[in-house]
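Report on one structure; see the data block that follows.
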Amino acid sequence: MAATIEADVAIIGAGPVGLFAVFECGMLRMSSVVIDTLEAIGGQCSALYPEKPIFDIPAHPEVTGMDLVAALEKQAAPFHARHLLGRRVDALVPQDGGFTLTTSLGDTVRCKAVILAAGAGAFGPNRPPLDDLPEYEASGGVRYMVTRREEFRGRHVVIAGGGDSAVDWALSLKSIAARVTVVHRRDKFRCAPESAAQLKQAAERGEIDLAIPYQLQGLEGTDGVLSGVTLATLKGELRTVKADHLLAFFGLSMELGPIAEWGLGLERSHVQVTPATCETNIPGVHAIGDIATYPGKLKLILQGFSEAAMAAHAIHPRIFPGEALHFEYSTTKGVPVASPA
Ligand SMILES: Cc1cc2nc3c(=O)[nH]c(=O)nc-3n(C[C@H](O)[C@H](O)[C@H](O)COP(=O)(O)OP(=O)(O)OC[C@H]3O[C@@H](n4cnc5c(N)ncnc54)[C@H](O)[C@@H]3O)c2cc1C
């Protein structure tokens, strides 16, 4: 549901660096709201390598992406930052000395400063290169995720992909869909071995159709209403499968999207900042983490953490004009108590 929110600082991106920015803002008594296109926090750590160990986070000899994100969430928890997930920030407009942000779900966020921690851009699905795709997406014929399993009851569903999502949803939907067809370009699946075995057994029992080795070739239908999916082998052999829905699971990609339109003077998809403050060419908008660049920049999580601290300190005078900011260690001041939003 669309929300209208006011906060001192809007943080665009809930990757590791955006999450640490919540903590740094909170330590300086600045409230924040975090917005991300993904349904879960953690950015690349959660979406691309949740179970891989990271070895260069200070004081963590080894920590998985998932565990690092959980620790950052716990560290920021005392500040009760509002999380707006599953929505993209589409517009950033300077207004009344602050900024108004609007999201793809129609939320409005009013803030006095912005921290852009958007990594390499918003995560979105890898789309198959098919004609007329947007109109089939708009009708819900082509989808990249399942939000309500019941929507597929009694429907003909074509599932494309060879990873965990494709195989897990094929196994889940076979009991309620009229028919499930799994399209994959080769015989091997990149999923948990037990799931691959279950898929094979379900196909042998006739509960699922496997279209292997096939790739998506085209969409059939009228006025955006899907009726079939055309498949092709590498040799060009064609077949069409009846379909009310195509679920395409080809992983995630990142694209800068609307950020490129915000007048931030991008240089090869990165935002140039003043290193000491991480401020961009728009006063009050600071960029940190992978999206920020300056001489000597290292795209490492640890450097993003330091940038979060510098940006928060640089923003403080905007939020508390005229109030002197005395530098204090956390050991001295502890963690300030914030009331829930
Ligand atoms: C396989 C792999 C291994 C890695 N290993 C290491 C390592 O060992 N050590 C290390 O330091 N680094 C490592 N990295 C790099 C590290 O993950 C990145 O430096 C880090 O994730 C950057 O954090 P971030 O918060 O700046 O951006 P991200 O993690 O990219 O998060 C940015 C978030 O912003 C969101 N976003 C972007 N635009 C919008 C918008 N308009 N609206 C809403 N949300 C938006 C995105 O959806 C995303 O969730 C690795 C990366 C990969 C891919």
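All values below come from the heavy atoms of this structure, side chains included, with hydrogens, waters and symmetry mates left out. Whatever order the structure lists ligands and atoms in, that order sets their numbers, starting from 1. Everything numeric here is computed off the predicted structure, so don't read it as measured data.
- Of the listed residues (Gly43, Gly86, Ala117), the one carrying the non-hydrogen atom nearest atom 32 (C) of ligand 1 is Ala117.
- Using a 4.0 angstrom heavy-atom cutoff, Gly304 does not count as in contact with ligand 1.
- Both cation-pi conditions hold for Arg29 and Phe320: the charged atom is under 6.0 angstrom from the six-membered ring centre and inside a 45 degree cone around its axis.
- Annotation for ligand 1: atoms under 4.0 Å from non-hydrogen atoms of Arg88 are 40 (C), 41 (N), 42 (N), 43 (C).
- At the top of the distance list for atom 36 (N) of ligand 1, counting protein heavy atoms only, stands Ala122 CA, 3.7 Å.
- Near Leu48, meaning under 4.0 Å from one of its heavy atoms, ligand 1 places the atoms 53 (C).
- Close contacts between ligand 1 and Ile35 involve ligand atoms 43 (C), 44 (N) [criterion: under 4.0 Å to a heavy atom].
- Of the candidates Pro258, Gly119, Gly121, the one placing a heavy atom closest to atom 46 (C) of ligand 1 is Gly121.
- Ranking the protein heavy atoms by distance from atom 9 (N) of ligand 1 puts Asp56 OD1, 2.9 Å first.
- An N or O contact shorter than 3.5 Å links Ile301 to ligand 1 by distance.
- For the pair Lys112 and Glu6, the salt-bridge criterion is not met [side-chain N within less than 4.0 Å of a carboxylate O].
- On a distance-only criterion, Phe123 and ligand 1 share at least one N/O pair closer than 3.5 Å.
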Applying side chain to side chain donor-acceptor pair (under 3.5 Å) to Tyr214 and Glu237, what does each step give before you reach the verdict? CA-CA 9 Å; Tyr214 277 92; Glu237 294 150 326; 5.3 Å; no
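- Here the shortest heavy-atom pairing between Cys25 and Ala312 reads N-CB, 4.1 Å.
- For ligand 1, the atoms closer than 4.0 angstrom to any heavy atom of Leu38 are 49 (O).
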Assess whether side chain to side chain donor-acceptor pair (under 3.5 Å) is satisfied between Gln95 and Thr100, documenting all intermediate values. CA-CA 6 Å; Gln95 207 172 44; Thr100 298; 2.5 Å; yes
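- Taking the charged nitrogens against the carboxylate oxygens, Arg87 and Glu39 have no contact shorter than 4.0 Å, which rules out a salt bridge.
- What sits closest to atom 8 (O) of ligand 1 on the protein, heavy atoms only, is Ile54 CG2, 3.4 Å.
- Between Phe20 and Phe305, the angle of the ring planes lies from 30° to 60°, which puts this pair in the tilted group.
- Near Gly15, the atoms of ligand 1 lying under 4.0 angstrom from a non-hydrogen atom of the residue are 25 (O), 29 (O), 31 (O).
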Take Leu216 and Phe250, measure what side-chain contact (heavy atoms from CB on, under 4.5 Å) needs, and give me the verdict at the end. CA-CA 12 Å; Leu216 301 176; Phe250 296 132; 4.0 Å; yes
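- Residue contact check: Leu300 has heavy atoms under 4.0 Å from atoms 10 (C), 11 (O) of ligand 1.
- Partner His245 forms a ring pair (Phe, Tyr, Trp, His ring centres under 6.0 Å) with one of Phe152, Tyr136, Trp169 and no other, that one being Phe152.
- Applying the 4.0 Å criterion to heavy atoms of Gly289 picks out, from ligand 1, the atoms 26 (O).
- Distance alone, capped at 3.5 Å, places no donor-acceptor pair between the Asp209 side chain and the Thr181 backbone.
- Using a cutoff of 4.0 Å between basic side-chain nitrogens and carboxylate oxygens, Arg127 and Glu137 are scored as salt-bridged.
- The pair Arg205-Glu207 counts as a salt bridge, with a side-chain nitrogen and a carboxylate oxygen less than 4.0 angstrom apart.
- For atom 26 (O) of ligand 1, the closest heavy atom belonging to the protein is Asp290 N, 3.0 Å.
- In this structure, Arg87 has a heavy atom closer than 4.0 Å to ligand 1.
- Here the protein heavy atom with the shortest distance to atom 34 (O) of ligand 1 is Gly13 CA, 3.2 Å.
- Within ligand 1, counting atoms from 1 as listed, the ones closer than 4.0 Å to a heavy atom of Val89 are 40 (C), 41 (N), 42 (N), 43 (C).
- Atom 16 (C) of ligand 1 has Tyr49 OH, 3.4 Å as its closest protein atom, hydrogens excluded (heavy atom only).
- Under a 3.5 Å cut-off, the side chain of Thr280 and the backbone N or O of Val285 do form a donor-acceptor pair.
- Among protein heavy atoms, atom 25 (O) of ligand 1 sits closest to Val17 N, 3.1 Å.
- Ranking protein heavy atoms by distance to atom 35 (C) of ligand 1, first place goes to Asp36 OD2, 3.3 Å.
- Under 4.0 Å from ligand 1, the heavy atoms of Ile259 that appear belong solely to its side chain.
- The heavy atom nearest to atom 53 (C) of ligand 1, out of those in Gln44, Met254, Glu307, is found in Gln44.
- Residue Arg143 qualifies as enclosed at atom CZ: its count of foreign heavy atoms under 6.0 Å is above 12.
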